[in-house]
Undergrad: 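First the structure, which I've put down as C-alpha cells, then a few questions once you've had a look.
In what follows, chains are A, B, ... by sequence order, proteins preceding strands, each numbered from 1. Keep in mind the model is a prediction, meaning the values are calculated, not measured.
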There are 2 protein chains.
Amino acid sequence: MRSYNQYCSVAKALDVVGDRWTLLIVRELLARGPSRYTDLRSGLPGIATNLLADRLREMEAAGLVEREDAPPPVATALFRLTERGAGLGSVISELGRWGVPLMSDYRPQDAFRGQWLRLPVRMFLADHEPGQPPVSIEVRAEDQTAVIDVADGRVSLRLGAAPDADATITGPPPRILTLFSGNLPLAEAEDHGIRITGSREAVRRILPRDSGQAISKLP
Amino acid sequence: MRSYNQYCSVAKALDVVGDRWTLLIVRELLARGPSRYTDLRSGLPGIATNLLADRLREMEAAGLVEREDAPPPVATALFRLTERGAGLGSVISELGRWGVPLMSDYRPQDAFRGQWLRLPVRMFLADHEPGQPPVSIEVRAEDQTAVIDVADGRVSLRLGAAPDADATITGPPPRILTLFSGNLPLAEAEDHGIRITGSREAVRRILPRDSGQAISKLP
DNA sequence: CCGGATCCGGGTTGATACTG
DNA sequence: CAGTATCAACCCGGATCCGG
C-alpha cells in the first residue's frame with residue numbers, strides 16, 4: 001500500500017494494515033489460531049489466491065505473521081500471528097463491535113464460517129451460573145458446526161461437532177446472532193427459525209439476561 | 001468499495017470504512033470537529049480532491065457524516081460526524097495506540113498537523129496536580145502551533161496560539177511525541193532538540209511519571 | 001490435494017487542470 | 001471556497017497453470 005506520508009499514528013497503522021484483506025487475515029488468524037494456507041483461503045471466501053499469497057508476504061515483512069515450516073512428516077507450512085500481530089486484537093474487536101448493527105442485513109451471497117462466531121460469543125455470552133458443572137452446546141448454522149464449551153465460569157467456542165452435547169441450537173446465522181445478542185427471547189426463538197434440542201437450561205445459562213440494543217429488531 | 005460478502009461484523013464494518021482515506025477522514029473530523037471542505041483537505045495532505053468529495057458523499061450515504069449548510073452570513077457548508085460516525089472513535093483510538101511504535105520512523109516526506117496531537121495528548125498526558133490553578137502550554141512543532149489547556153484535572157488541546165501561555169515547548173514532532181509518551185525525560189529534552197521556555201513546573205505537571213514503552217528509544 | 005505463480009481485464013486511486 | 005473533469009498508473013479479482 002502506498003504510504004499516507006502523515007506523521008500520525010493512525011495513518012502509520014493504516015500504512016501497515018489498511019490494505020484490502022489484511023485485517024480480515026488477522027481476524028482469521030485470531031479466530032482459528034495458526035493455520036495452513038488452504039484453511040486461511042477457505043476462511044476468507046472471495047479472496048484471490050495471489051492476493052492471499054501477496055498479503056502473507058507483506059505481513060511477514062511487517063512482522064505481523066510468522067511462517068512456520070512444520071516438521072518433515074507433514075511438510076506443510078503454518079502461518080501464525082506474532083505478538084505484534086496479535087496486538088491488533090483490540091482493533092478487530094472494536095471494528096466488530098461497531099459493525100454489529102450492520103448484521104441486520106443478511107444477503108444471500110453472504111458467506112458464513114463457524115469460527116466467525118468466536119467474536120460474538122466473547123462479546124455477548126457469559127456463564128451466569130459459574131458454580132454449575134460444565135456443559136457443551138452444539139451450534140449448527142448453515143452448513144457450519146461449532147461447539148460452545150461452558151466451564152470454570154468461562155464460555156469458549158471451538159470448531160467441530162459434539163455428538164454428546166447437552167444441547168444443540170440450529171438455525172440460520174442471522175437468527176443465531178440475534179439470539180446471542182439478546183434481541184431474540186429464547187421463548188420466541190422457535191417461531192423464528194431456531195430449533196433447540198436437549199437442555200434449554202444449558203442455553204439459558206449463557207444467553208444475555210438483558211436485551212441488548214445491538215442488532216436491529218426482527219422484521 | 002466492493003463488499004467482502006461475508007456475514008461477519010468485522011467484514012461488514014470494513015465494507016463501510018475499509019476504503020482508503022475513509023478512516024482518516026473520520027480521524028480528522030474527530031480531531032477538528034465540524035469542518036469545512038478546505039480545512040478537511042488541508043488536514044489530509046496527499047488526498048486528491050475528487051477522492052475527498054467522493055468519500056464524503058459515500059460517508060454521507062452510509063450515515064457517518066452530515067452536511068450542514070451554515071446560516072446565511074457565512075454560506076459555507078460544514079461536515080460533521082453523526083453519532084454513528086463518532087462511534088468509530090474507539091476504532092481510531094485502538095488503531096492509533098497500535099501505531100504508536102511506528103512513530104519512531106519519521107521520514108522527511110511525512111506531513112504533520114497540530115490537531116494530530118489530540119490523540120497522543122489524550123492517551124499520554126494527565127493532570128497530576130488537579131488541585132492547582134489552570135495553566136496553558138503552547139506547543140510548536142514544525143510550523144504548527146497548538147495549546148494544551150490544563151484545568152479541572154483535565155488536559156485538552158486546541159489549535160491556535162496562546163501569547164500568554166505559562167510555558168512553551170518547541171521542537172520537531174517526533175521529539176515532542178517521545179517527550180509526551182514518557183520516553184524522553186524532561187531533563188534530557190534540551191539535548192534532543194526540544195526547547196522549553198517558561199514554567200517547567202507546568203510541563204512536569206502533565207508529563208507521564210513512569211516511562212512508557214510506547215515509542216522506541218532514541219538513537 | 002497443497003501452495004502458490006502468472007496473466008489479463010476492469011475498477012480504483014492519484015495528479016493535475018479547470019470551473020462556478 | 002468547493003468542488004468537477006480528465007487521464008494515467010496502479011491494484012484487485014478471476015481464471016489458468018504448475019511443481020511438489
Undergrad: In whole Å, I'd like the distance from the CG atom of Leu52(A) to the P atom of dC12(D).
TA: 13 Å
Undergrad: Throw together a table of side-chain donor-acceptor distances under 3.5 angstrom for residues 91-100 of chain A, partners on residues two or more places apart or in other chains.
TA:
unit_1, atom_1, unit_2, atom_2, d
Ser93(A), OG, Gly89(A), O, 3.2
Glu94(A), OE1, Ser90(B), OG, 2.9
Trp98(A), NE1, Arg84(B), O, 3.2

Undergrad: List the residues meeting ring pair (Phe, Tyr, Trp, His ring centres under 6.0 Å) with Phe180(A), not counting sequence neighbours, and say none if there are none.
TA: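 Ring pair (Phe, Tyr, Trp, His ring centres under 6.0 Å) check on Phe180(A) returns nothing, list empty.
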Undergrad: Of the listed nucleotides (dG3(D), dG4(C), dC1(D)), which one gets closest to any side-chain atom of Arg36(B)?
TA: dC1(D)
Undergrad: When you compare the protein's N or O atoms with those of nucleotides 12-14 of chain C, which come within less than 3.5 Å of each other, and at what distance?
TA:
unit_1, atom_1, unit_2, atom_2, d
dT13(C), OP1, Asp19(B), OD1, 3.3
dT13(C), OP1, Arg55(B), NH2, 2.6
dT13(C), OP2, Arg55(B), NH2, 3.0
dG14(C), OP1, Arg20(B), NE, 2.4
dG14(C), OP1, Arg20(B), NH2, 3.1
dG14(C), OP2, Trp21(B), NE1, 2.8

Undergrad: In degrees, rounded to 10°, what is the bend between the two ends of the helix from dC1(C)-dG20(D) to dG20(C)-dC1(D), using five pairs at each?
TA: 30°
Undergrad: Taking only nitrogen or oxygen atoms into account, show me every contact under 3.5 Å that the protein makes with nucleotides 18-20 of chain C, one pair per line with its distance.
TA:
none

Undergrad: Is Arg57(A) near enough to dG3(C) that one of its side-chain N or O atoms lies under 4.0 angstrom from OP1 or OP2?
TA: no
Undergrad: Once salt bridge (Lys or Arg N to Asp or Glu O under 4.0 Å) is applied, do any residues pair with Arg41(B), and if so which ones, sequence neighbours excluded?
TA: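 By the salt bridge (Lys or Arg N to Asp or Glu O under 4.0 Å) rule, Arg41(B) matches no residue at all.
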Undergrad: Could you walk me through whether Trp116(A) and Glu28(A) pass side-chain hydrogen bond (donor to acceptor under 3.5 Å, both in side chains), step by step?
TA: CA-CA 8 Å; Trp116(A) 299 348; Glu28(A) 205 57 22; 3.2 Å; yes
Undergrad: Whole angstrom is fine here: how far is it from CZ in Arg41(A) over to C1' in dC2(C)?
TA: 10 Å
Undergrad: Under the side-chain contact (heavy atoms from CB on, under 4.5 Å) rule, collect the residues that match up with Glu66(A), sequence neighbours excluded.
TA: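 Scan of Glu66(A) (side-chain contact (heavy atoms from CB on, under 4.5 Å), adjacent residues dropped) gives Arg80(A), Thr82(A).
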Undergrad: Without decimals, in angstroms, what is the distance between Phe79(B) CZ and dC1(D) P?
TA: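 Result: 14 Å.
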Undergrad: Who passes side-chain contact (heavy atoms from CB on, under 4.5 Å) against Ala11(B), sequence neighbours left out?
TA: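 Partners of Ala11(B) under the side-chain contact (heavy atoms from CB on, under 4.5 Å) test: Leu24(A), Arg27(A), Tyr4(B), Gln6(B), Cys8(B).
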Undergrad: List the residues meeting side-chain contact (heavy atoms from CB on, under 4.5 Å) with Glu83(B), not counting sequence neighbours, and say none if there are none.
TA: none
Undergrad: Ignoring hydrogens and angles, write down the donor-acceptor pairs under 3.5 Å from the side chains of residues 156-169 of chain B, residues two or more places apart or on other chains.
TA:
unit_1, atom_1, unit_2, atom_2, d
Arg158(B), NE, Asp149(B), OD2, 2.7
Arg158(B), NH2, Asp149(B), OD1, 3.3
Asp166(B), OD2, Ser136(B), N, 2.8
Thr168(B), OG1, Thr197(B), OG1, 2.5

Undergrad: Mind checking what makes salt bridge (Lys or Arg N to Asp or Glu O under 4.0 Å) contact with Arg32(B), not counting sequence neighbours?
TA: Asp39(B)
Undergrad: Hey, could you give me each pair passing ring pair (Phe, Tyr, Trp, His ring centres under 6.0 Å) that has a residue in residues 28-60 of chain B? Not counting sequence neighbours.
TA: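 Counting only pairs at least two positions apart or across chains, no ring pair (Phe, Tyr, Trp, His ring centres under 6.0 Å) contact touches residues 28-60 of chain B.
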Undergrad: Verify the contact: side-chain N or O of Thr49(B) to OP1 or OP2 of dG3(D), cut-off strictly under 4.0 Å; return yes or no.
TA: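 For dG3(D), neither OP1 nor OP2 has a side-chain N or O of Thr49(B) closer than 4.0 Å.
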Undergrad: Choosing from dC2(C), dG3(D), dG4(C), which nucleotide comes nearest the side chain of Thr38(A)?
TA: dC2(C)
Undergrad: Answer yes or no: is there an ion pair linking Asp15(A) with Lys12(A), defined by an N-O contact shorter than 4.0 Å?
TA: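 A salt bridge is absent here (no side-chain N lies under 4.0 Å from a carboxylate O).
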